[in-house]
Novice: 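Encoded as structure tokens, here's the structure I'll be asking about.
Everything numeric here is computed off the predicted structure, so don't read it as measured data. Keep in mind that the numbers below use all heavy atoms, side chains included, and drop hydrogens, waters and symmetry copies.
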Amino acid sequence: MCSGRAYVRNVSYCELALSFFPLATIRHKFCANDPEVFVQAAMLAQDYCDAIDLNLGCPQMIAKRGHYGAFLQEEWDLLQRMILLANEKLSVPITCKIRVFPEIDKTVKYAQMLEKAGCQLLTVHGRTKEQKGPLAGVASWEHIQAVRKAVSIPVFANGNIQCLSDVEECIRKTGVHGVMSAEGNLHNPALFEGRNPLVWEMAEEYLEIVQKYPCPLSYVRAHLFKLWHHTLQVYQQLREELAKVKTLEGIADVNRELKLRCQEEIANQKEGEKPKEGLPFFHWICQPYIRPGPKERCKENGISGTEKGVRGKRALEDEEDRSSELLSKNKQKKKLRNPNKSFDPSLKPKYAKCDQCGNPKNVLLPGRTGRVGVTVATCPTVCVCWHLVCGGGQ
């Protein structure tokens, strides 16, 4: 998914996104909250894809702060204007991906509104925007079935898809035209083939694709953390190595080491031995990851669900360093790379805010010496900070 605003204002961002298009015939997904910006971004991409998708399903905090994704689902007038303008200006179809409301009737009316505005294919994730992380729960196929019966455009289902049998059952119960999978497909890329291959074999295949179509190393690392999830619970040292490696060759070395350790474990396996931790397969086989609920997560952390200050983040292995116990995974990785790094908010520099856009001003732009006083964050409007035009952070 790409930010429509960044796509329009940042040339390098746009070029990076377009570099992935030779991979397949695809829909290009945007998040946006302004009709003009959305259409401008879509027009840059329409010659490289088969359809433009407006994301109305992202429930993450970044979407709330940016006012896009599932946090637009109450703004029907805005969404109608975005889709109507896109249909008028673009040469490719417009599709949407949504989350459901708690009420089936409201979800159906929402879908019908999008269809009337010009959406030509609708993907329905059967969870509300509040259902995420440890609170994800089970997606409602009942909502999806109701939408499928109420609209005449193709409908895809999303949610509760962990294996090929789930795909078949979802189609049978909801009558949808197609099925999407997010996390299930990340943990087992062969899900739609009905296979459960060895994790290092999938990694080798993925790394070959990355060699052909380069992308930022952080993307590769994120995919392998998903693919190797169960194995990295066993070989924690490899998790740390993957987090710190700086090159694609280094990642390939980690995969070879993971393969050797798993093969050694397989060779020493006792007859009749069963997978541990309640897994359906041994950890070296691609398989689903079932998110623990709030109670299970509290048990993993050794705390009660009512204890004050409960955080669902993994503590650093060093139990002696209690000060870092509540750091997020991302901050823990930064701490590993730079042990002297502090996350104390009182130590952060304070900046005055721009009266026009609320972003920090009097800040030196990276790589642009001498331009003190320019707002650095992306602005929704072109404003003046200390007599200098911020230019949307460019």
Side-chain angles (χ1 to χ4, degrees), residues 133-134 136-139 159-170 181-209 220-245 250-303 305 312-319 329 332-333 336:
V138 178
N160 304 344
I161 306 299
Q162 300 287 359
C163 56
L164 187 59
S165 61
D166 292 335
V167 175
E168 295 163 349
E169 184 181 5
C170 181
S181 174
E183 288 204 347
N185 202 43
L186 288 171
H187 288 280
N188 178 14
L191 185 156
F192 285 96
E193 294 181 355
R195 298 190 299 120
N196 295 89
L198 299 168
V199 292
W200 64 82
E201 289 181 353
M202 279 285 93
E204 288 170 355
E205 184 176 335
Y206 172 62
L207 291 174
E208 287 178 6
I209 295 173
V220 180
R221 191 181 288 114
H223 274 292
L224 292 181
F225 272 126
K226 292 284 188 182
L227 185 59
W228 294 345
H229 175 84
H230 298 294
T231 298
L232 293 180
Q233 307 305 308
V234 178
Y235 302 119
Q236 291 284 339
Q237 183 185 352
L238 294 181
R239 170 185 290 277
E240 295 177 9
E241 289 181 17
L242 178 59
K244 292 187 287 187
V245 71
I251 288 180
D253 289 339
V254 176
N255 186 52
R256 280 189 284 270
E257 178 63 24
L258 180 144
K259 177 180 179 180
L260 288 173
R261 294 194 187 191
C262 289
Q263 287 178 331
E264 183 179 348
E265 187 176 346
I266 293 170
N268 295 328
Q269 196 174 12
K270 297 179 181 178
E271 186 177 351
E273 187 175 343
K274 295 183 178 179
K276 299 177 182 178
E277 304 297 331
L279 296 177
F281 305 105
F282 289 101
H283 65 81
W284 53 79
I285 296 174
C286 292
Q287 59 194 294
Y289 165 62
I290 308 299
R291 287 178 179 269
K295 291 183 180 179
E296 290 86 349
R297 193 175 289 273
C298 287
K299 289 178 182 178
E300 286 179 4
N301 294 337
I303 52 181
K313 304 291 185 180
R314 180 182 286 108
L316 286 170
E317 289 186 42
D318 184 5
E319 292 297 331
K329 292 181 182 178
Q332 290 177 40
K333 292 174 187 176
L336 282 172

Novice: For Cys170 and Ile161, what are the C-alpha separation, side-chain angles and deciding distance, and is it a side chain to side chain contact (heavy atoms under 4.5 Å, CB included)?
Specialist: CA-CA 8 Å; Cys170 181; Ile161 306 299; 4.1 Å; yes
Novice: Look up atom NZ in Lys259 and atom CD in Glu201, then write down how far apart they are to the nearest 0.5 Å.
Specialist: 7.5 Å
Novice: Can a donor-acceptor pair be found, under 3.5 Å and without considering hydrogens, that links the side chain of Asn185 to the backbone of Ser181?
Specialist: no
Novice: Show, in sequence, the C-alpha distance, side-chain angles and deciding distance for Ile251 and Val220, and conclude whether the side chain to side chain contact (heavy atoms under 4.5 Å, CB included) test is met.
Specialist: CA-CA 9 Å; Ile251 288 180; Val220 180; 3.8 Å; yes
Novice: Should we count CD of Glu277 as having more than 12 external heavy atoms under 6.0 Å?
Specialist: no
Novice: Once you round to the nearest 0.5 Å, how far does CZ of Arg239 lie from OG1 of Thr231?
Specialist: 10.5 Å
Novice: For a 4.5 angstrom cut-off between non-hydrogen side-chain atoms, does Arg221 reach Leu242?
Specialist: yes
Novice: Describe, in one word, how the ring planes of Tyr289 and His187 are oriented to each other, choosing from parallel (under 30°), tilted (30 to 60°) and perpendicular (over 60°).
Specialist: tilted
Novice: Could you pull out the closest heavy-atom pair between His229 and Gln233, with the gap in Å?
Specialist: O-NE2, 3.1 Å
Novice: Are Pro197 and Asn188 side-chain neighbours, meaning at least one heavy-atom pair lies under 4.5 Å?
Specialist: yes
Novice: Restricting to side-chain contact (heavy atoms from CB on, under 4.5 Å), what partner residues turn up for Glu193, sequence neighbours left out?
Specialist: Ala190, Arg195
Novice: Roughly how far, to the nearest 0.5 Å, is the CG atom of Leu164 from the CD atom of Glu169?
Specialist: 12.0 Å
Novice: Among pairs that include at least one residue of residues 261-272, which meet salt bridge (charged side-chain N to carboxylate O under 4.0 Å, His left out), considering only residues two or more places apart or in two chains?
Specialist: Glu257-Arg261
Novice: Does the side chain of Glu241 come under 3.5 Å of the side chain of Gln237 through a donor N or O and an acceptor N or O?
Specialist: yes
Novice: Under 30°, 30 to 60°, or over 60°: which ring-plane class applies to His223 and Tyr206, parallel, tilted or perpendicular?
Specialist: tilted
Novice: Does Gln287 reach the main-chain N or O of Phe281 with its side chain, forming a donor-acceptor pair under 3.5 Å?
Specialist: yes
Novice: How far does CZ of Phe282 sit from SG of Cys262, to the nearest 0.5 angstrom?
Specialist: 12.0 Å
Novice: Between Leu198 and Cys286, is the side chain to side chain contact (heavy atoms under 4.5 Å, CB included) condition met? List the steps.
Specialist: CA-CA 6 Å; Leu198 299 168; Cys286 292; over 6 Å; no
Novice: Could you measure the distance from the CD atom of Glu183 to the CG atom of Leu191? Nearest 0.5 Å is fine.
Specialist: 12.5 Å
Novice: What closest approach, in Å, do Pro189 and Leu227 show between heavy atoms, and which atom pair accounts for it?
Specialist: CD-CD1, 3.6 Å
Novice: Report the distance from atom NE2 of His283 to atom CG of Leu232, rounding to the nearest 0.5 Å.
Specialist: 10.0 Å
Novice: Test Trp228 against Asn255 for side chain to side chain contact (heavy atoms under 4.5 Å, CB included), laying out the working first.
Specialist: CA-CA 9 Å; Trp228 294 345; Asn255 186 52; 3.1 Å; yes
Novice: Val199 and side-chain contact (heavy atoms from CB on, under 4.5 Å): which single residue from Leu224, Ile285, Leu258 fits?
Specialist: Leu258
Novice: Return the set of residues passing salt bridge (Lys or Arg N to Asp or Glu O under 4.0 Å) with Lys276 (not counting sequence neighbours), or none when no residue passes.
Specialist: none
